[in-house]
Amino acid sequence: MNVAPGAIAFTDIVGFTEFTAERGDADALAALDLQDQIVRDTLPPGARVVKELGDGLMLWFPDAATALRTCLDLHHRLEEAASDTAPLWVRMGMHWGCPTARGDDLIGNDVNLAARIVDMAGPGELLVSEHVRAQITSGREDVRFEELGPVVMKGIPEPVGLFRASRD
Amino acid sequence: MTPHKSIPAPPGAVLRVTSRSARVTVTGEDRSDIVVEKGDEPAVGPDGVEVKGSGRVKVRCPAGTDVVVGTGSGNVELHGRLGDARVTTGSGTIEVEEVRALDARTGSGDVEVDECTERCRLKTESGTVRVGRAGEADLATGSGSVEAELVSGARIKTGSGSVELGLAEAGGVDVKAHSGSVTISVPPGLRPATSLRSGSGKVRCDCDEGDDGEIRVKVGSGSIAVVER
């Protein structure tokens with residue numbers, strides 16, 4: 001069943017494998033717990049964690065402006081909370097589309113695309129598809145978009161315009 | 001031999017090259033047209049001049065042209081002098097001769113930049129990053145080393161690779177690495193503010209503490225050295 005259109009975001013902790021190898025499972029677990037806490041404290045009503053994927057998360061937002069604001073806030077809070085025992089170098093990717101519900105999970109081409117976008121992001125970055133940017137029409141959002149160009153991603157048939165979103 | 005396809009370069013037009021799996025070469029040189037030596041017919045669109053192709057794409061354009069290149073799995077080479085450049089490739093190497101500003105990303109290849117006069121943002125998952133001269137450099141690798149000969153400032157994050165950085169002048173440097181040695185060379189007499197922390201490695205700073213910019217390095221395991229050139 002298709003759900004209403006919304007923003008699908010994926011997060012990923014950069015270098016988490018190296019960190020776990022270096023510091024051990026206990027520190028890795030502490031870092032994940034801290035990330036969980038910050039994300040759940042930051043998500044606005046209507047948004048939710050769809051699922052956890054190792055050190056990453058899949059998030060759902062009913063509107064793009066809220067999604068952008070929240071993800072940029074998340075970056076700020078994660079950066080502030082980062083420490084020697086929890087270096088939360090998180091990257092994020094976001095796409096706007098109509099996924100299909102499978103229980104509490106969301107699946108479909110738009111989900112796959114969002115998952116590919118995060119792969120292109122560096123630590124501390126939020127990359128969004130042109131579909132997300134198209135949703136931001138008011139001009140009131142204090143978000144700056146820098147075009148990365150049409151990006152060819154594995155398994156996605158057509159190049160997708162990507163933008164780097166940051167606080168203006 | 002296939003004839004070259006040429007169109008006059010519209011003033012200020014951005015050259016956009018996309019391909020699913022081509023090796024892409026763009027050369028900025030003293031000319032007024034855009035020539036496609038290998039690739040499809042160029043098309044003038046609302047966003048600039050678009051060139052597509054597969055296997056091999058080779059384009060020549062006026063020096064200083066802004067360029068956007070997106071390819072799924074091929075190497076990308078930018079030769080000559082170009083303007084602002086944005087490059088993404090899923091799994092190829094990226095080589096850049098001279099650009100004004102640069103954003104270059106690859107999944108698993110090396111990135112090598114000779115000169116970038118303004119901001120230089122580079123990211124690779126598992127390759128190395130090498131920069132000759134750049135303005136502010138924002139460099140990220142998952143498991144590869146970083147070498148930057150001369151930059152005016154840098155933010156570097158690397159999972160497990162060594163970092164060698166040359167600071168051209170008093171500027172801001174912020175290096176974070178899970179593991180790997182970090183060496184930063186500064187001009188003689190520079191007195192930067194420093195914050196150098198390693199979980200398990202030697203820390204050495206040859207400079208006197210001062211306020212000529214700030215150098216911050218945090219490494220999980222590995223040595224840190226700030227040395228005068």
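Lettering follows sequence order; numbering is per chain, from 1. Only this structure's heavy atoms are used, side chains among them; waters, hydrogens and symmetry mates stay out.
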Heavy-atom pair count under 4.5 Å with chain B, highest-scoring of A/Val151, A/Asp119, A/Leu148: A/Leu148

Against chain B, label [X] side chain, backbone, both or neither, depending on which of its atoms sit under 4.5 Å from a heavy atom there.
X        : value
A/Met153 : backbone
A/Arg164 : side chain
A/Leu162 : neither
A/Glu147 : both
A/Arg116 : neither

Please classify the contact between [X] and chain A as side chain, backbone, both or neither, with a heavy-atom cut-off of under 4.5 Å.
X        : answer
B/Arg20  : both
B/Thr141 : neither
B/Thr106 : neither
B/Thr71  : backbone

Please name the pair of heavy atoms, one in A/Glu18 and one in B/Gly142, separated by the smallest distance, quoted to 0.1 Å. OE2-O, 3.5 Å

Of all the heavy-atom pairs spanning B/Thr93 and B/Asn75, show the shortest one and how long it is. N-OD1, 3.0 Å

Is a side-chain N or O of [X] found less than 3.5 angstrom from the main chain of [Y], in a donor-acceptor match?
X        : Y        : result
B/Thr89  : B/Gly74  : yes
B/Arg100 : B/Glu118 : no
B/Ser160 : B/Gly180 : no

Establish, from distance only, whether the side-chain atoms of B/Ser223 and B/Arg204 form a donor-acceptor pair under 3.5 Å. no

Checking B/Lys176 against B/Asp174 for the salt bridge (charged side-chain N to carboxylate O under 4.0 Å, His left out) test, could you report, in this order, the C-alpha distance in whole Å, the side-chain angles of both residues, the deciding distance, and whether it holds? CA-CA 7 Å; B/Lys176 292 187 174 79; B/Asp174 186 352; 3.3 Å; yes

Plane angle bin for A/His95 and A/His131 - parallel if under 30°, tilted between 30 and 60°, otherwise perpendicular: perpendicular

Among the listed options B/Lys218, B/Arg121, B/Glu125, the residue most often paired with chain A at heavy-atom distances under 4.5 Å: B/Arg121

